[in-house]
Protein chains: 2
Amino acid sequence: MAAKRTGAQSKRSQRIGGSLQSAREPHSEQPLSLERIVATAVELLDGQGVDGLKMRQLADRLGSGAMSLYWHVDNKEAVFDLALDSVLEYRGPPQTVESQDWRGEVVHMLEDWRASMLRHPWSASLLPRRRLGPNILSRLERLSNTLTRGGVTDADLNVAIWSLWNYVMGATITRANFNLSDDDMAAAQQRLTRLSERYPTIERTRLLLDNDWDGAFRKGLDSLLDGLSPR
Amino acid sequence: MAAKRTGAQSKRSQRIGGSLQSAREPHSEQPLSLERIVATAVELLDGQGVDGLKMRQLADRLGSGAMSLYWHVDNKEAVFDLALDSVLEYRGPPQTVESQDWRGEVVHMLEDWRASMLRHPWSASLLPRRRLGPNILSRLERLSNTLTRGGVTDADLNVAIWSLWNYVMGATITRANFNLSDDDMAAAQQRLTRLSERYPTIERTRLLLDNDWDGAFRKGLDSLLDGLSPR
DNA sequence: CGTTAAATCGTACAGCGTACGAGTCGGTCA
DNA sequence: TGACCGACTCGTACGCTGTACGATTTAACG
C-alpha cells in the first residue's frame with residue numbers, strides 16, 4: 001500500500017560534470033563519487049561475476065558504509081546500468097569519412113565491440129536486458145553510417161544492423177559464458193564420447209570442443225557480410 | 001572448511017522413469033515428483049520471469065513445504081536447468097532423410113527454435129549460461145545433419161553451426177527482453193527524437209522503433225544462409 | 001555564531017536459499 | 001505381531017541479501 005518510486009532519480013542533483021574537488025579527507029581515504037563507485041563496481045564484476053557484486057562489499061572496497069552508496073545511486077540496478085555503459089565506451093580513432101574500405105571498418109568495429117565485452121564477461125549477458133546507454137547508441141550510429149557509405153540503402157539498413165547485432169551478441173554471450181579450464185575440457189570430452197552414438201555428427205565434427213573462438217567469429221562474420229552485401 | 005558438494009546429484013535414486021504411481025493421498029493433494037516440480041516451475045517462470053521464481057512459492061503452488069523440493073532436486077540451479085531443457089524439447093516431424101529442400105528445413109528448424117524460446121521469454125537469456133541439455137544437443141545434431149545434406153563439408157560445418165546459433169540466440173535474447181507496451185513505445189519515441197541530432201541515422205531509419213521482429217529475423221536469416229551456402 | 005544543505009552511516013527488517021534433523025508412511029522380514 | 005528400514009516430507013533456523021529510515025557529521029555561508 002505504501003507509495004514508492006515517486007520518480008526521483010537519486011537524491012543528489014543531476015549535474016554530474018561539476019569540477020569542484022576540495023582536498024578534504026573527512027575520515028576515510030577519499031570522498032565517494034559516482035565515478036569511483038562505477039569504477040570499483042567494474043573491478044568487482046570482473047573478479048566475481050554478476051552474482052558476485054554485493055552492495056556491502058562494494059562499499060567496503062570504497063572505504064565507506066553500505067548505505068552511503070544510495071545517496072549517489074538509486075539502487076543496485078543503476079549500478080549495473082552505469083557499469084555496463086562505462087565498459088562499452090568506444091576508444092577508437094574518430095570516424096574517417098574518406099576511407100574506401102567500409103567492410104574492413106565494419107569488421108574492425110564489431111571485433112572491437114566483441115573484445116570490449118569479453119574483457120568484462122559479465123557485460124555481454126547484461127546488455128540485452130537493459131536500456132541502451134549512450135555509448136551503445138553511438139556505436140550503432142557509427143555502424144549505420146559505415147554501412148550506408150558501403151551502399152546499403154535505408155530500406156535494408158535496419159535488417160543489416162539487427163543481423164549484425166544479433167550475431168555479435170550471440171557470439172559474445174556464448175563465448176563469455178563458455179570458459180572451460182583444461183579439466184573441464186577433459187570432462188566434456190569424456191561426456192561427449194559417452195554420447196557419441198546419440199549425437200554422432202556433433203561428435204564427429206567436435207563441435208563443442210573446437211575452441212578457436214576468434215577465428216570462428218571472424219569467419220562467420222565474413223559469411224554474414226557476404227550475405228548482406230548489396231548485390 | 002566444510003566439505004560440501006560431495007558429488008551426489010540429489011538424495012533420490014537416479015531412476016526417473018519408474019512407472020509406479022500408487023493412489024495415495026498422504027495429506028496434500030498429490031505427491032511431489034520431478035515432473036510436477038518442473039512443470040510448475042515453468043508456469044511460474046512464464047508468469048514472473050527469472051527473478052520471480054522463489055523456492056517457497058514453488059512449493060506453495062505444489063501444496064508442499066519448501067524443503068520437500070530438495071529431496072527431488074539438488075538446488076535452485078537444477079530447477080532452472082530442468083525447466084530450461086523441458087521447454088526446448090523439439091516437437092516436430094521426425095527427420096526425413098529424403099527431402100530436397102534442406103534450406104527450407106533449416107529455416108523451419110530455427111524459426112521453431114526461436115518460437116519455443118519466445119513462448120518462455122526467460123529461457124533465451126538462460127540458455128547460454130547453462131550446460132547444454134539433451135534437447136538442445138539433439139536440435140544441434142539435427143541441424144548438423146541437414147546442413148551436411150545440403151552440401152556443407154565437415155570443415156565448414158562448425159563455423160556454419162555456430163554462426164546460426166549465434167544469430168538465433170542473439171535475435172531471441174534481444175527480442176525476449178524487448179517487450180514494449182504502447183506507452184513505452186511512445187516514451188522511447190520521444191526520448192529518441194530528443195537525441196535526434198546526436199544519432200541522426202538511428203533516428204532517420206527508426207532503428208529502435210521498427211517492430212517487425214519476425215520479418216527482420218527471417219530476412220537476416222536468409223542473408224546469413226546466403227553467405228554460408230557452399231558456392 | 002546559527003542555519004542549511006550535502007553527504008555519511010548504524011540499525012533494522014523482510015525475504016532469500018538451504019542445512020539440519022525430526023517426523024511420517026508403507027513395505028518387508030523375523 | 002513387532003522391529004526395522006528406506007522413501008519422502010517439512011518446521012525451524014542460519015547467514016546473507018537489498019535497502020528504508022532517521023540520526024549524524026561535515027562544509028559553506030549569513
Side-chain angles (χ1 to χ4, degrees), chain A residues 1-6 8-16 18 20-37 41 44 48-81, chain B residues 1-6 8-16 18 20-37 41 44 48-81:
Chain A
M1 288 297 165
K4 332 179 53 176
R5 297 228 116 265
T6 51
Q9 299 265 104
S10 63
K11 281 87 170 193
R12 78 203 266 272
S13 63
Q14 220 55 354
R15 60 182 171 76
I16 287 184
L20 75 155
Q21 45 176 13
S22 55
R24 56 161 178 172
E25 317 260 280
H27 33 71
S28 62
E29 36 249 84
Q30 280 187 62
L32 276 180
S33 73
L34 246 195
E35 292 77 17
R36 287 188 66 226
I37 291 177
L44 286 176
Q48 337 254 75
V50 193
D51 296 335
L53 180 65
K54 316 287 161 71
M55 294 303 270
R56 285 177 232 256
Q57 188 191 2
L58 176 55
D60 271 5
R61 184 78 83 103
L62 287 160
S64 76
M67 290 313 291
S68 308
L69 302 175
Y70 286 87
W71 196 88
H72 301 267
V73 159
D74 255 12
N75 48 35
K76 194 180 177 181
E77 290 213 340
V79 177
F80 281 133
D81 284 343
Chain B
M1 289 299 165
K4 332 178 52 175
R5 297 226 117 266
T6 52
Q9 300 264 106
S10 61
K11 282 84 172 194
R12 79 203 266 271
S13 62
Q14 219 54 354
R15 60 177 172 78
I16 287 185
L20 76 156
Q21 44 176 14
S22 56
R24 56 163 176 169
E25 317 259 282
H27 33 69
S28 62
E29 36 248 84
Q30 280 186 62
L32 276 181
S33 74
L34 245 196
E35 292 76 16
R36 287 188 66 226
I37 291 177
L44 286 177
Q48 337 253 81
V50 195
D51 298 335
L53 181 65
K54 318 286 162 72
M55 293 304 270
R56 286 176 230 256
Q57 187 192 3
L58 176 54
D60 272 5
R61 185 76 85 100
L62 287 161
S64 77
M67 290 314 291
S68 308
L69 302 175
Y70 286 87
W71 196 87
H72 301 267
V73 158
D74 256 11
N75 48 34
K76 192 180 177 180
E77 290 213 340
V79 177
F80 281 133
D81 284 344

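None of the values given here were measured: they were computed from a predicted structure. So that the names make sense, note that chain A is the first sequence line, chain B the second, and so on, each numbered from 1. FYI, side chains are in, hydrogens and waters are out, and symmetry mates aren't considered; it's all heavy atoms of this structure.
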Do you know the tightest heavy-atom contact between A/N75 and A/V73? O-CG1, 3.0 Å
Atom-to-atom span, CH2 of A/W71 to P of C/dA5 - whole angstrom: 13 Å
Using the C1' atoms of the five pairs at each end, what is the angle between the end axes of the helix from C/dC1-D/dG30 to C/dA30-D/dT1, to 10°? 30°
How close do B/L58 and B/A41 get, heavy atom to heavy atom, and via which atoms? CD1-N, 3.7 Å
What's the spacing between B/I37 CD1 and B/S64 OG if we round to 0.5 Å? 7.0 Å
Closest heavy-atom contact between A/A59 and A/A66? CB-CA, 3.4 Å
Output the rounded distance in Å from CG (B/L62) to C1' (D/dC10). 14 Å
What is the distance, to the nearest angstrom, from the CD atom on A/Q57 to the C1' atom on D/dC16? 13 Å
To the nearest angstrom, how far is B/D60 atom CG from D/dC10 atom P? 11 Å
A/E77 atom CD is separated from D/dT19 atom C1', nearest whole Å, by 13 Å
Name all residues meeting the side chain to side chain contact (heavy atoms under 4.5 Å, CB included) criterion together with A/Q57; count only those two or more places apart in sequence or in a different chain, and write none if there are none. A/L44, A/Q48, A/K54
Could you tell me which residues satisfy side chain to side chain contact (heavy atoms under 4.5 Å, CB included) with A/M55, sequence neighbours excluded, listed by chain and number? A/L69, A/Y70, A/K76, A/V79
Nucleotide N/O of nucleotides 11-16 of chain C paired with protein N/O under 3.5 Å:
| unit_1 | atom_1 | unit_2 | atom_2 | d |
| --- | --- | --- | --- | --- |
| C/dC16 | OP1 | B/K54 | NZ | 3.3 |

Residue B/L32, side-chain heavy atoms: nucleotide from C/dT18, D/dT19, D/dT9 that is nearest: D/dT9
So, does A/S68 get its side chain near the phosphate of C/dA7, meaning an N or O under 4.0 Å from OP1 or OP2? no
CZ of A/R61 to CZ of A/R36: how many Å apart, nearest 0.5 Å? 11.5 Å
Rounded to whole angstrom units, what separation is found between the CG atom of A/L58 and the C1' atom of C/dC9? 15 Å
How close or far is atom C1' of D/dA7 from atom NE2 of B/H72, stated in whole angstroms? 9 Å
Atom OH of B/Y70 and atom P of D/dA7 are separated, to the nearest Å, by 21 Å
Starting the side chain at C-beta, find the nucleotide from D/dC10, C/dC9, D/dA7 nearest to A/S64. C/dC9
